[in-house]
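Nothing here was measured: the structure is a model prediction, and the numbers come from that model. Residue numbering restarts at 1 for every chain, and letters A, B, ... go by the order of the sequence lines. Computation of the quantities below employed the complete heavy-atom set of this structure, encompassing side-chain atoms and omitting hydrogens, waters and symmetry-equivalent molecules.
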Protein chains: 4
Amino acid sequence: MSEADERPRRRQARGERRISQLLQAAASVFCKLGYTASSTNAIAREAGVSPGTLYQFFPNKEAIAVELGGQLVKQMEEAHGRVFTAENARLPLDQLIDAIADPFVEFNCANPAFLALIKGPDAPGRVTEEHDTLHATLLDGVSGLLALRQPSLSTVERTLIAEMSFAMFKAALDLIVQSEGEERTAYAGEMKGMLYRYLAPYVGTGPVTVDGTAAPVGAAGATSRALPTGS
Amino acid sequence: MSEADERPRRRQARGERRISQLLQAAASVFCKLGYTASSTNAIAREAGVSPGTLYQFFPNKEAIAVELGGQLVKQMEEAHGRVFTAENARLPLDQLIDAIADPFVEFNCANPAFLALIKGPDAPGRVTEEHDTLHATLLDGVSGLLALRQPSLSTVERTLIAEMSFAMFKAALDLIVQSEGEERTAYAGEMKGMLYRYLAPYVGTGPVTVDGTAAPVGAAGATSRALPTGS
Amino acid sequence: MSEADERPRRRQARGERRISQLLQAAASVFCKLGYTASSTNAIAREAGVSPGTLYQFFPNKEAIAVELGGQLVKQMEEAHGRVFTAENARLPLDQLIDAIADPFVEFNCANPAFLALIKGPDAPGRVTEEHDTLHATLLDGVSGLLALRQPSLSTVERTLIAEMSFAMFKAALDLIVQSEGEERTAYAGEMKGMLYRYLAPYVGTGPVTVDGTAAPVGAAGATSRALPTGS
Amino acid sequence: MSEADERPRRRQARGERRISQLLQAAASVFCKLGYTASSTNAIAREAGVSPGTLYQFFPNKEAIAVELGGQLVKQMEEAHGRVFTAENARLPLDQLIDAIADPFVEFNCANPAFLALIKGPDAPGRVTEEHDTLHATLLDGVSGLLALRQPSLSTVERTLIAEMSFAMFKAALDLIVQSEGEERTAYAGEMKGMLYRYLAPYVGTGPVTVDGTAAPVGAAGATSRALPTGS
DNA sequence: GATGAATGAGGATTCATTCAT
DNA sequence: TATGAATGAATCCTCATTCAT
């Protein structure tokens, strides 16, 4: 019984060690060279194994990225819990932003490969499955938050705002990850301020009240450029 | 004198035709494949010349990107004039943003290769000379504007805000260029709104008065997250 | 004794199951891809075992082919009995041809891998041991038949005729195996007619008489095997 | 004028030399290893050039085979003229067979790669474009001859006979090419005898008369082609 | 200038085979 | 015995770059 249980596991043990070895190597290489310029051979070399070994676990580069993305998402969840939750959605805007951004910032600084995957390859049309999935997942998270917080937004509006917010977030994250120390803190602060001021006119700044509407906002100057909030 | 003058000119005439041929081809290929995945052979093929010819004008791939960047900057200036001017700096913030963003949006939609170059390769550390130059140029533009508009900002603050603004701008531009029709217009609107609300606390919304200070702003809610404006 | 006897037997039992599993897989893969393009990994995969297991029973790809050839020969004998017999040799030519061709056709249609092995790899000089063995076996069969039927043929003549007959047979078998239904029947008929007319002048058409000479020629039966000439 | 003529040619000169060098190398490698087992690297090595050079002239292995096939067909035509002609079709059968077989035998002995291409890869379903084309061309030749010689044959009959004849022809050619000296001559004789006797009932042995019908059968000439039967 | 041939290292991927478990 | 991990050379093919013409 235990034998039937363990035997397969033991075999997988080496394999799984190799897999994480390879994923770690991939993370490192993706960070150093970017996705496009990373080669499977380079990853294998970094992992200290032969190219053939890599291909025993992954059918191609894309699959490595997919798996790495999945692992990182899982790791982030394990470390910081789910961030796109209904509870978070109902927080005052500044706290909501903290609740999303802080874990992301922390995790991406510790695992810069995550950002590399989120950003994807530098070619417009050449999006990869993995990047797509990741992008969709995160975008859905943002969009869901918006829906919970401000149900009056139309789908189009919501998508627009979510895409913008996510794009801004990624771009700022890039600056954050690439800097260090005080500079990094400063960038993180800027990112939050930016998101706060961008989103305030759409979703209000206060906590969401019982009836599901966000508290009224005082950002009068923005309205002329903002989408109608539907209120 | 006339000999030394004219022969080179003729040669340069042919040469420059070749060069723009090649640059146009490069623009097209960079857009299709991204910088990293673009090959010199592909560019030469697209330009209808032999690889050898390409290397008669450019010592390597990087140089093509550098030159292309330069040309595009020049073209944009020819089409839209200088945008980072003192006059613009003194406009009311919304007009200032229009004055910068509109030409960029228009030009990048017409020349999507520009954005590809601005974004650079997908590798964090692997920044290329060309991308660096372009980045520095544009960042200086933004930074200069900030300096003119709000001289009280410290260098550090100015750099921070400029980097953030530029990063946001690039990210939004990406969304804009990749969309079409109404969607594109909507993204452009969002970008402007976003920049407006982000910058207002730092540089004020009104026109700059004679004494070089921006008009006072009323964006109270933002201050807690914003850098001190130096006022 | 019982230990030394039975354990190996049990082991062999499992082993032989594995072996036929592998051989069946090999047959399938050889058919799909041809001998040259077939890989041991592919065979193992098809058999549902690991590559290591395959190499526990066969030292290399060649050995698989050899064994498969042997098994198929044995299977064909089990299904159709020996065909290269003295009795057959003495039959009237058309019946002799039937006696040889029918089992081969039937068996090869059911086990197309057999033909793949008979044909061998597509390289002229690269004949494999397995193909050689099979080739020699079958050629000996034909040659033996000729010797029995027409002892007056010199060795050289006999070899020549045997090689030719066998080559024709293989080529026709290929057409037969690759076709279906009526077409297959038609090809089989053509093959027999072809062999009949080719061999008749050498070995006579009638049954072999007691004194070992074939009956004089007078290829009456041939027409019945030919397509109507339309005249 | 001559300059404008020669310049492009001179450039191509090196290239065309390379191309025939490569084709020759390919012929040699295909013969040694068979089509399937031949690698582009091996061909390049044999030609004494780098792999990259090969790919400047041929996009892949298949293309090499196609080109080589084309060249060989052309060369055979140049050396022996067209063989599938109406005049040949009307000859007495033995002369017709001579007219077809002799050039083929001679050419294939001199250029054994031709046969390698005609035979194609050893995989049943994996037929290559080049082999297909070659096969179709030659089969059409045979079929055309049959149509001219015996118009009363139905399409189905004609195809059947053509396929059979061609298959037999290929198989015999293989024996011929692989043997030498007297043996080769003997095989060639056998092949002709075999074809003669196979085809006689379908297309008659005599010359085709004015009204388009073949002379009545009465295969007198056949015996002269057969080995002495030892009777 | 322009060409296109040439290179050889490097890209992804597969293969026959061996080894540790 | 059976597994699956491991290997490294070999597969096809591309790339940035150079060179002879």
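Judged by distance alone, with hydrogens and angles left aside, the side-chain atoms of A:Asn111 form no donor-acceptor pair with the main-chain N or O of A:Phe114 at under 3.5 Å. Side chain of B:Ser38 to backbone of B:Gly34: a donor-acceptor contact under 3.5 angstrom is found. C:Lys61 contributes no side-chain N or O that, together with a main-chain N or O of C:Ser39, makes up a donor-acceptor pair within less than 3.5 Å. A side-chain donor-acceptor contact under 3.5 Å links B:Ser20 to the backbone of B:Glu16. For the pair D:Ser28 (side chain) and D:Gln24 (backbone), a donor-acceptor distance under 3.5 Å is absent.
Rounded to whole Å, the distance from CD on A:Glu16 to P on F:dA6 is 12 Å. For C:Tyr35 and E:dC15, the OH to P distance is 14 Å, given to the nearest whole Å. At whole-Å resolution of the value, CD1 in B:Ile43 and C1' in F:dC15 are 12 Å apart. Atom C1' of nucleotide F:dT17 and atom CG of B:Leu22 are separated by 15 Å, given to the nearest angstrom. Regarding C:Gln56, its CD atom lies at a distance of 13 Å from the P atom of E:dC19, rounded to whole Å. In this structure, the CZ atom of A:Phe57 is 16 Å from the C1' atom of E:dT13, given to the nearest Å.
When each of F:dC12, E:dT13, E:dT17 is scored by its nearest atom to the side-chain atoms of D:Asn41, the top-ranked nucleotide is F:dC12.
Remark: F:dT21 base-pairs with E:dA2; criterion is Watson-Crick or G-U wobble with both hydrogen-bond distances under 3.5 Å. For E:dT14, the paired nucleotide is F:dA9, the pair qualifying as Watson-Crick or G-U wobble because both relevant distances are below 3.5 Å.
Remark on DNA chain F: of its neighbouring residues A:Val49 and D:Asn60, the 5'-side contact belongs to A:Val49, judged by nearest-heavy-atom nucleotide. Comparing D:Leu54 and C:Thr40, the nucleotide of DNA chain E nearest to each residue sits closer to the 5' end for D:Leu54. Ranked by how close their nearest DNA chain E nucleotide is to the 5' end, C:Gly52 and D:Gly48 are led by D:Gly48. The 5' end of DNA chain F is approached more closely, in terms of each residue's nearest nucleotide, by D:Ala42 than by the other of D:Ala42 and B:Lys61.
The side chain of C:Thr53 places an N or O atom within less than 4.0 Å of a non-bridging phosphate oxygen (OP1 or OP2) of F:dT3. Regarding contacts with the backbone of E:dA20, every side-chain N or O of A:Arg14 stays at 4.0 angstrom or more from both OP1 and OP2. For the OP1/OP2 pair of E:dT18 and a distance below 4.0 Å, the side-chain nitrogens and oxygens of C:Tyr55 include no atom meeting the criterion. Residue B:Arg18 places no side-chain N or O under 4.0 Å from the OP1 or OP2 atom of E:dG1. Dashed line: the shortest gap from a side-chain N or O of C:Ser39 to OP1 or OP2 of E:dT14 is not under 4.0 Å. When the side-chain nitrogen and oxygen atoms of B:Ser50 are compared with OP1 and OP2 of E:dA2, none of them lie within a distance under 4.0 Å.
Within 4.0 Å (heavy atoms only), B:Phe58 reaches no atom of the nucleic acid at all. At a threshold of 4.0 angstrom between heavy atoms, the contacts of D:Arg45 are confined to the sugar-phosphate backbone, with no base atom among them. Nucleic acid contact for D:Pro51: base, since at least one base atom lies under 4.0 Å from a heavy atom of the residue.
For the residue pair D:Thr36 / C:Tyr35, no side-chain donor-acceptor distance below 3.5 Å is found, with atom types taken as modelled.
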